[in-house]
Amino acid sequence: MSDRTTTGAVAVAGPLLLGVRHHGPGSARAVRAALDAARPAAVLIEGPPEGDALLPLAADPQMRPPVALLAHAVDDPGRAAFWPLAEFSPEWVALRWALAHDVPVRFIDLPATHSLALKEPVGDQPGEQPGEETAPAPGGEEATPRVDPIRVLAETAGYDDPERWWEDVVEHRSPAADATADALAPFTALAEAMTALREAYGDGGHPRDAVREAYMRIQLRTARKEFGDGVAVVCGAWHVPALAARTTLAADRALLKGLPKVKAEMTWVPWTHRRLARHSGYGAGIDSPGWYGHLFGAADRPIERWMTKVAGLLREEDRFVSTAHVIEAVRLAETLAAMRGRPLAGLSETTDAVRAVMCEGSDVPLALIQDRLVVGETLGEVPDSAPAVPLQRDLTRSQRTLRLKPEALERELDLDLRKETDAARSRLLHRLRLLGIGWGEPAEGRGSTGTFRESWRLRWEPELHVRVAEAGVWGTTVATAATAKAESQALAATALSGVTALAEHCLLAGLPEALPVVMKALADRAALDADVGHLADALPALARSLRYGDVRSTDTAALAGVAAGLAERICVGLPPACTGLDADGAEALRRQVDGVHSAIGLLVAGATPAEAEAEAEATPAEAEAAPVEAGAEAGAEATPAGGLRDRWGAVLRKLAGRDTVAGIIRGRATRLLLDEGRLTEDEAARLMGLALSPGTPPTDAAAWIEGFVGGASGGGMLLVHDERLLSLVDAWLTGVPADTFTDVLPLLRRTFSAYEPGVRRTLGELVRRGPVPEGARNDGTDHAYPGFGPGLDADRADAVEPVLHLLLGRTPVPVEATA
């Protein structure tokens, strides 16, 4: 079983063994009372001995729990473990008591140098105490079924809920501290129960406990030689019978012989109440750390004080909660406790009372109470003098300089990159992401979507300290570490898209020293990669990167030639690559065509004025006849503009007019040409008519429609405003044979389900109304267009003009001046 599950003590002729439940406020109060009564000469605490040098920091005014001891292997920082301590943890209370009374205090559990070596790292869940919850039986034997002592004792007492039994027996008991016997009574009683359980269940399915307990016994013998029998031991109650057992020193040393070792380092790190719910180390899986903290801190009338907290929270959320609600909720909680035979209203009674009285039976506000109060988002603090890897110190300095305080509660951060401080914040967050330290994640921004805006979602998790320690192998500062890792990733990358994404990250993170290595790797990969799909995946990241020079003041000139070379090779290789594709391959290539189209738009938009002018003066024939070398290396002297848009337009025309190209790609190429003004509405209607002709297989025609009007491209509004296209689609759809209609239905449903409800409704009304006669389209009469009047209202249109001039900042031109 886990240490968290038991409390007890045994009064023997010798040291005072105080068995506790980790993170139990009742245990913490009982330990404080026992220490005040016994006044031991030394205090021994279950924990890694490497932390002894860090114990004086617990008395530092800057230390604010919850905090945790973090141990990690020096050569493998990902191999780590946490020992969290909250204000209501018995170990923390014993530690603070010893420091306040100038009593020597030590940790006596198995050293982290052994426990880290005994267990494989937990991967994405660092911090689980090695040798605890996942320890297998030695020698490959089948593990003994694990025992939950609290559940066994609760069932013996007639309880169906172990937590409720624990609250009734320990958490709701206020031990008297005026007599030694009274202070030790709960430890003595529960230690006897633990002894009986150990006799019945042995190690309870935790074979490695024998090794830990042997080490603790050795440390206890050493302390008794130094301080005599006046020693108090604070440990998980499951270990109390083992520490009280009579064994020989030789036998204990034999259990420790041959243990593997790793070099380990240890420090204090902040912790959170939410992480106390994790089954790791002292993080013993408690469900209500906020509630336990309240019980420990409330000097008197805990239920009344709790209801007042709940009322305050609900009022902050604009819910009407009066003093009468608080009084009634307290009365109901106490009545429920009496009906259920409990000595004091517990969390279940207070929750039921809050739901009935303050939440009007709704669980929605109750979820907020659970998250904010019952669990809580408290984040501890550690003093600056605590040991830390150089990278952590540099990160802490940057956080303070940029006023980015780590917080346990998730928050949104909007950055304006035109401001120096916000730009520096952006660089820091991007560097941390490159290092695998996920403090911030990019989020959808509110308001402007320009390149000078960024939005982040920030949340600091204790495990990020492990990630910082892992990243410390790359450098001593965030900038140098990110640069070194980017260079290493560039040399190791095998995919072209990966290198282009890395180049984008380097620009976002402001790592100019890494760019030469990344650019060389990019040029090498681009020159050797002949796959058009790989080139198409790589181009968008490069195009986005070229836009960062204006906002981030970074030099992107080296990227321009590479991007131009990739774009030209794509223009040559794309048409052949679009033939002979299955449905999945065609859909993937359609997405790549969209990406290349957007990228070329960015490249042309970022061209210099001279390049833009040259492109504008070039005719389509000249642009199409421009020399394009398929095998030209990326980085050739070709400008991103200089006719690139027209060359891309010529490629789209080839795709739109070739029957051998997949329908979804032909439809998409037609739509892109229409949106760019390179294809007239008559030409688009002609291509649609060909694609939807009776000789075209229905599935190919449906794919063409999906490419033309599918996705978030605004195809629905195009059909609303161009009735010729809508009529073509309607005529084709009504002519699909019944035996093949079910084959095209999934494609059509996928296409039209992406439209807004209003667009779908308007299309339905237009189809139901039928086509308008060609000669009556512009006669000014009412043709029942949904949302439109019978014709142009000149007076209402003129009334809008002054407002438009005001918005545009222009002076209206008098009518006489235009005559």
Side-chain angles (χ1 to χ4, degrees), residues 3 6-47 49 51-61 63 65 85-109 170-171 173-192 194-195 216-237 239-245 282 295-297 299:
D3 287 338
T6 55
T7 290
V10 61
V12 296
L16 178 65
L17 303 180
L18 303 176
V20 299
R21 178 191 191 185
H22 302 310
H23 310 316
S27 294
R29 287 192 299 266
V31 164
R32 185 165 54 193
L35 294 176
D36 286 336
R39 297 285 173 173
V43 176
L44 308 181
I45 301 174
E46 179 189 339
D52 287 350
L54 305 174
L55 292 180
L57 291 175
D60 193 298
M63 181 75 84
L85 295 168
E87 185 179 12
F88 50 84
S89 299
E91 297 84 1
W92 179 260
V93 170
L95 171 58
R96 293 299 297 265
W97 185 94
L99 294 175
H101 292 81
D102 293 326
V103 173
V105 57
R106 298 173 183 171
F107 284 130
I108 62 169
D109 202 353
V170 179
E171 305 305 339
R173 183 182 181 278
S174 180
D178 57 346
T180 303
D182 290 337
L184 300 181
F187 295 105
T188 303
L190 290 176
E192 293 175 357
M194 292 302 105
T195 301
M216 286 192 277
R217 284 193 296 266
I218 292 175
Q219 298 305 305
L220 180 55
R221 288 189 185 97
T222 302
R224 292 179 68 180
K225 288 181 180 179
E226 184 176 353
F227 302 106
D229 287 340
V231 176
V233 180
V234 179
C235 63
H239 302 303
V240 168
L243 297 186
Y282 287 155
L295 290 180
F296 184 74

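Side chains included, hydrogens not; waters and symmetry mates left out as well; all remaining heavy atoms used.
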Between Leu44 and the options Asp109, Val231, Thr222, the side chain to side chain contact (heavy atoms under 4.5 Å, CB included) test singles out Val231
Which is it for Glu192 and Thr188 under the side chain to side chain contact (heavy atoms under 4.5 Å, CB included) test, yes or no, and what are the steps along the way? CA-CA 6 Å; Glu192 293 175 357; Thr188 303; 4.1 Å; yes
Just wondering, do Pro40 and Leu16 contact through their side chains at under 4.5 Å, heavy atoms?
-> no
Here the pair of heavy atoms bringing Ala245 nearest to Arg217 is O-CD, 4.3 Å
When every non-hydrogen atom of Ala28 is compared with those of Phe296, the smallest separation belongs to CB-CE1, 3.6 Å
One should read off an interatomic distance between Asp60 CG and Leu99 CG, to the nearest 0.5 angstrom, of 11.0 Å
Look at the side chain of Asp52 and the backbone N and O of Phe107, then say whether any donor-acceptor pair between them is shorter than 3.5 Å. yes
Scanning both residues in full, the closest heavy-atom pair of Ala41 with Pro104 reads O-CD, 3.3 Å
Chi angles and distances behind the side chain to side chain contact (heavy atoms under 4.5 Å, CB included) call for Met216, His239: CA-CA 9 Å; Met216 286 192 277; His239 302 303; 4.0 Å; yes
Checklist entry - Heavy-atom distance under 4.5 Å between the side chains of Trp97 and Val105, does that happen here? => result no
In short, Val93 meets Arg32 closest at the heavy-atom pair CG1-CB, 3.7 Å
Between Phe187 and Ala34, the two heavy atoms sitting closest are CE1-CB, 3.9 Å
Tightest non-hydrogen contact, residues Leu35 and Ala94, listed as CD1-CA, 3.9 Å
Between the OG atom in Ser89 and the CZ atom in Arg96, the distance rounded to the nearest 0.5 Å is 12.5 Å
Given the options Val240, Val43, Ile108, Ile45, Val233 meets side chain to side chain contact (heavy atoms under 4.5 Å, CB included) only with Ile108
